[in-house]
Amino acid sequence: MAVTLVIILSKAVGFLRETVVAGYFGTSVESDAFLSAYSVFYIPVLLLNSCITSTLVPMYVEARERKGIRRANRFGSNTINMLALASLLLAALMFLFAKPLVHMIYADFPPEKVQLTARLARIMMLTLTFNIASIAMASLLNAREKYISAQLTGFPLSIAVMIAAAAFSKQYGVEALAWGVFAANVLQALVLVPPMRGWFSYSSVVNFRDKRLHRLVVLAAPAVLAMAVSELSHLVDQWMASAVDGDISALNYGYKVITLLTGVIIVPLTTIMFSRMSKLAVANDRRGVLEIVRRSTVLIALVMLPVTAIASVLGADVIKALYMNGRFDSQSVAVTTGVFICYVVGIIAFGIRDLLNRAYHAMQDTKTTMWVSVLILFLNLGFNFLLRWLMGVKGLALATSISGSIGTVVLFFLLRKKLRHLGMRQIVPDVLKICLASAAGAAVSYFVGRALPEANGRMFAIVRLLAAGGAGLLAYLAAGLLVGITPFKDFLNRRGNANDGRGEADHNRLPGRGRPGRAVAPAPDAFGVLRAGEAQEEPERLHAGGRRKARAAGPSAAVRPSGARKDDARGHHRAGDGAQHTHHQRPRD
């Protein structure tokens, strides 16, 4: 819970930053220039961030488990130093070629807008190395399950940009925001130094021959596309929207709401689960990885489906409550609302896609996610051309949602092919019940919203959102209890059994396995993942002679391809599959 609260606070402060910037600059040419410059600055951040977060965590965990903390810290230090050198080179090149790069990406910008955008991008590039170092440090903190400390980097960016906008924008204009980003990059690295002390021993080693570093580069190259696909799709949307002043800002403001919603639920879930799945993958416990995927999928649907349904109905109130202020007028609200609704319909697909990407990367399979990401980008580009012509800037957001949803389905299909089964039939009934309850919540929100007067300002929009949205959420909870959504029943069962100690909740009894009334050993709890990152104990393995603790993984204990062993339904267990009954075959999808 502590991790979630820190992330919620960070996202809330980040959204306050967006409202402050929107209040000072609205959807003006200056706002477009700043957001475009930040997108140019973010290109190397995006590429190196995807490289770091997708590969450093599982490889650091593997090094620590097999070689010890000293060797793992040396690998981590070498990785930080190599990334710093790479970012210095990239920053120098992009500083020199900022203007032609801006002109290439935003070909429809007039010359004065290109000049302003390039100048802002150069200011931000000066501290790129600090930004990249903070990403590597945060990944190492996540690998040690210090999740709260790793989430501190969002605060410096928000605070620095807000101070720059409020104190210096009248004197220096939009350049004040660029200098705010400059300061934030330095602060993001500095705030992570104290949490690293005591367990991480930094060294200035620069070893180009490190085999583990070579392995990281090999894994990272395809992982870049997989982890960056959402941001790359957003960059493609901005490129397509650059012909009309204000469209880039509308896309950005609508997309920021989506990142707020996903950041509160998806980010803590995938961050914590990535570390746990990496440990299970090192121990070759595929059953545990799959159980985390199943339960996390239900958790994402449990929270994001009602949010999607209600936000689609109350989209205008959401945008008015968050942004309507100063130069962000009714015209800005109308354009941004359409963009937001078209983005929000794909939010659950975005969240599940990130979870599946983490599952593949925990098993050190980055090529599969790379090819799926290439497919998503091509689909997004094709849908962009079609829907931009039909719907304007809203079509760009809808194209991203459609292509992302198709990519998520493809990832599920390929994961089933890789591991032969997923056991997803177990969660289908709950997902359908969540859909039904979400529809009920959206209907209540719609009728309550119709009964209230239209909001003409921010404060009454907040009132409408609290009344209609709150009524919709209450209706969703009531409908969920009525139709019997399993996590809701589990919560009530735990409350009822808190004082009499009568066993585990029914959801830990996996349907379709063993005799009626008999339970198998529960997999790591994914419904409780928002607790402050408690470490999971080593899973017990079931053998003919009884239960015993799993042996430490040797050098060969990597996750094997699906064809490496025969199906365990023949009566034998694969190594690391966890406890199960051997007298029943595994249910097929």
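Side-chain contact check for Ser134 and Thr153: no donor-acceptor pair (N or O, by modelled atom type) lies under 3.5 Å. Side-chain polar atoms of Thr366 and His361 form no donor-acceptor pair below 3.5 angstrom. With no hydrogens or angles considered, no side-chain donor-acceptor pair links Asn142 and Ser139 at under 3.5 Å.
Residue Tyr446 places its OH atom among 12 or fewer non-hydrogen atoms of other residues, nucleotides or ligands, all under 6.0 Å distant. Heavy-atom neighbours of Phe412 CZ from other residues, nucleotides or ligands within 6.0 Å: above the threshold of 12.
In terms of modelled atom types and a separation under 3.5 Å, the side chain of Arg353 and the main chain of Ser405 share no donor-acceptor contact. The backbone N or O of Leu157 lies less than 3.5 Å from no partner atom in the side chain of Arg17, so there is not a single donor-acceptor pair. Although no hydrogens or angles enter the test, the distance criterion places a donor-acceptor pair under 3.5 Å between the side chain of Thr127 and the main chain of Phe182. With hydrogens and angles ignored, the 3.5 Å screen pairs a side-chain donor or acceptor of Lys320 with a backbone N or O of Ala455. No donor-acceptor pair under 3.5 Å is formed between the side chain of Ser158 and the backbone N or O of Phe155. One N or O on the side chain of Ser401 and one on the backbone of Tyr343 form a donor-acceptor pair closer than 3.5 Å. With Tyr253 contributing its side chain and Val339 its backbone, the two residues share no donor-acceptor pair below 3.5 Å. With hydrogens and angles disregarded, a donor-acceptor distance shorter than 3.5 Å links the side chain of Ser445 to the backbone of Ala468. Side chain of Asn380 to backbone of Thr400: a donor-acceptor contact under 3.5 angstrom is found. A donor-acceptor pair is defined here as one N or O able to donate and one able to accept, closer than 3.5 Å; such a pair exists between the side chain of Thr259 and the backbone of Lys256.
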**OP:** For the pair Phe41 and Tyr38, evaluate ring pair (Phe, Tyr, Trp, His ring centres under 6.0 Å) and give the outcome as yes or no after the intermediate values.
**Re:** CA-CA 5 Å; Phe41 161 76; Tyr38 190 80; 5.7 Å; yes
**OP:** Apply the test side chain to side chain donor-acceptor pair (under 3.5 Å) to residues Tyr42 and Asn131: give CA-CA distance (whole Å), side-chain angles for both, the deciding distance (0.1 Å), then the verdict.
**Re:** CA-CA 10 Å; Tyr42 202 69; Asn131 188 293; over 6 Å; no
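Ring planes of Phe109 and Tyr106: parallel class, angle under 30° (limits at 30 and 60°).
Between Ile163 and Ile159 there is a side-chain heavy-atom pair separated by less than 4.5 Å. Side-chain atoms of His214 and Val218, non-hydrogen and from C-beta on, never get closer than 4.5 Å to each other. With contacts defined as side-chain heavy-atom distances shorter than 4.5 Å, the pair Met273/Arg358 does not qualify. Annotation: side chain of Arg144 is not in contact with side chain of Leu140 (no heavy-atom distance under 4.5 Å).
A search for side chain to side chain contact (heavy atoms under 4.5 Å, CB included) contacts involving Leu93 returns Leu89, Phe97, not counting sequence neighbours. Evaluation of the side chain to side chain contact (heavy atoms under 4.5 Å, CB included) rule for Ser169 yields Tyr24, Phe25 as partners, not counting sequence neighbours.
Atom CG of Leu83 sits about 8.0 Å away from atom CD1 of Ile80, to the nearest 0.5 Å.
Ion pairing of Lys113 with Glu30 is absent here, as no side-chain N (NZ or NE/NH1/NH2) approaches a carboxylate O to less than 4.0 Å.
Ring centroids of Tyr60 and Phe75 are separated by 6.0 Å or more, keeping the two rings apart.
Residue Ala91 comes nearest to Met125 through the heavy atom pair CB-O, 3.6 Å, listed as atom of the first residue, atom of the second, then distance.
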